[in-house]
Amino acid sequence: MFGNFVKFAKEAVKAVTREENDDTDGNKEQQHEEKENNNGFASSMMGLARQAQSMAMSANDESQEGQQGQGQQGQGQHGQVAAMLQAVQSAMGGESTAKKTSTELPDGASIPRSKCDGTRKCLFIGINYYGSRAELRGCLNDVKNIKKFLKDTFKFPVDVRNLSMTLTDDSQNKGTKLYPTKENIMNAMKWLVKDAQEGDSLFFHYSGHGGTQQDIAPDTDEIDGQDETLVPVDYESTGQIVDDDIHAILVAGLPQGVRLTAIMDCCHSGSVFDLPFTYTIDGKLAIQEVDNRKKAKKRSSSSCARITQTASLTKNML
């Protein structure tokens, strides 16, 4: 465990150094702030590595002396380092964070676009939450209007059973796969992207409640610390559908050359797909591009520095 901790600390420092060398864009003030955060993180990690090495030597000496009391103390220190390692890995989003698609995507310019000459497939979800405290009005009408628009304007097969699916909380849908429970919604999303091929055009429309909940480790990838969510009709018993799951189902597995168009008529919908870029319009109606990956990396580095400093203080209490 001690050896693993030292290795992890050194690799983390190397990763921060590579990010400093690679990230040459942005203004100088922002680069200086990021460098200061990274320096603090690197210093904390190396300090923990040295502490782990020292504790490893101490535990080894105690084991050789065969003193039971001291051996138990060494085991206690071993457990503390294990906890420190777990805390740092959680703060960094786990050891596999660097492998996530969302942190390795290019700027998008070279990604092939769908010619939309293949299969067209669509999914519609409308939830009014009838009889609940969260009841809405008009969500089912939204679905009807969007379906008509797609059919009349873009010739989508909204009435073809194997190419279109509609989930609403009409009483007639209760107990069927068309009732918008959490399980049914996630299964419908999987259906939408199943067997997708280059040239296909997929459409997803959701009208209902959207929400947020705390982004919990190890997948702490949110800039504001909150996951965006969709709220199924049975949310009180099954919970909400988080953006990590939405991304995993609808985005991560899409083949190149497949277009997915989504209209999310709900609160907190701007980043509910966990996409690498978002776009806003400033006061002059100019489009502003935001690279969410860089913001998430910056937050992750700052969190790691705070966690490692806390772990260091905990070590001093042993």
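Note that the structure is predicted; figures quoted are calculated from it, not measured. Numbers here are sequence positions counted from 1.
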Close side-chain approach of [X] to [Y], heavy-atom, < 4.5 Å:
X	Y	value
Asp244	Asp227	yes
Lys147	Leu150	no
Ser201	Phe156	yes
Thr119	Asp195	no
Glu228	Ile246	no
Leu167	Asn173	no
Arg120	Lys155	yes
Ile249	Met186	yes

Run the side chain to side chain contact (heavy atoms under 4.5 Å, CB included) check on Ile263 and Phe203 step by step: do they pass? CA-CA 8 Å; Ile263 297 179; Phe203 184 88; 3.6 Å; yes

Can you measure from [atom1] ([X]) to [atom2] ([Y]) and round to the nearest 0.5 angstrom?
X	Y	atom1	atom2	value
Asn141	Ser207	CG	OG	9.5 Å
Arg137	Tyr129	CZ	OH	16.0 Å
Lys194	Leu202	NZ	CG	14.0 Å
Leu123	Lys190	CG	NZ	13.5 Å
Glu198	Lys115	CD	NZ	7.0 Å
Ile125	Cys139	CD1	SG	11.5 Å

For [Y], does its backbone N or O pair with a side-chain atom of [X] as donor and acceptor, under 3.5 Å?
X	Y	value
Asp200	Gln197	yes
His209	Ala134	yes
His247	Asp274	yes

Please verify the inter-ring angle class for Phe273 with Phe204; under 30° counts as parallel, over 60° as perpendicular, anything in between as tilted.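 The rings of Phe273 and Phe204 stand perpendicular, inter-plane angle above 60°.
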
Return yes when atom CD of Glu135 has more than 12 non-hydrogen atoms of other residues, nucleotides or ligands closer than 6.0 Å, and no otherwise.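 Counting other residues, nucleotides and ligands, CD of Glu135 exceeds 12 neighbours.
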
Once salt bridge (charged side-chain N to carboxylate O under 4.0 Å, His left out) is applied, what residue pairs with a partner in residues 159-172 remain, sequence neighbours excluded?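 Residue pairs passing salt bridge (charged side-chain N to carboxylate O under 4.0 Å, His left out), neighbours aside: Lys151-Asp159.
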
Looking only at side chains, do Asp234 and Ser237 share a donor and an acceptor under 3.5 Å apart? no

Are Ser271 and Asp243 close enough that a side-chain donor and a side-chain acceptor fall under 3.5 Å?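 No donor-acceptor contact under 3.5 Å links the two side chains.
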
Using the rule that Ile, Leu, Val, Met, Phe, Trp and Tyr join whenever any side-chain heavy atoms are under 4.5 Å apart, tell me whether [X] and [Y] fall into a single cluster.
X	Y	answer
Val233	Met165	yes
Ile146	Leu250	no
Trp191	Ile241	yes
Tyr179	Tyr206	yes

Taking ring pair (Phe, Tyr, Trp, His ring centres under 6.0 Å) as the definition, give me every residue that meets it alongside Phe149, ordered by chain and number, with sequence neighbours left out. Phe154

Does Leu260 form a side chain to side chain contact (heavy atoms under 4.5 Å, CB included) with Leu192? I'd like the steps, not just the answer. CA-CA 10 Å; Leu260 171 62; Leu192 179 64; 4.1 Å; yes

Checking side chain to side chain contact (heavy atoms under 4.5 Å, CB included) for the pair Leu178/Gln172: CA distance, chi angles, key distance, verdict? CA-CA 9 Å; Leu178 300 181; Gln172 64 188 25; over 6 Å; no

For [X] against [Y], the heavy-atom pair lying closest together:
X	Y	answer
Thr238	Lys182	O-NZ, 3.3 Å
Ser114	Gly257	CB-O, 3.0 Å
Phe124	Ser164	CE1-OG, 3.7 Å
Gln213	Val242	NE2-CG1, 3.1 Å
Gly211	Gln240	CA-OE1, 4.1 Å
Glu236	Arg133	OE2-NH2, 3.2 Å

Intermediate values then yes/no, side chain to side chain contact (heavy atoms under 4.5 Å, CB included), Ile127 and Leu230: CA-CA 11 Å; Ile127 313 177; Leu230 299 182; over 6 Å; no

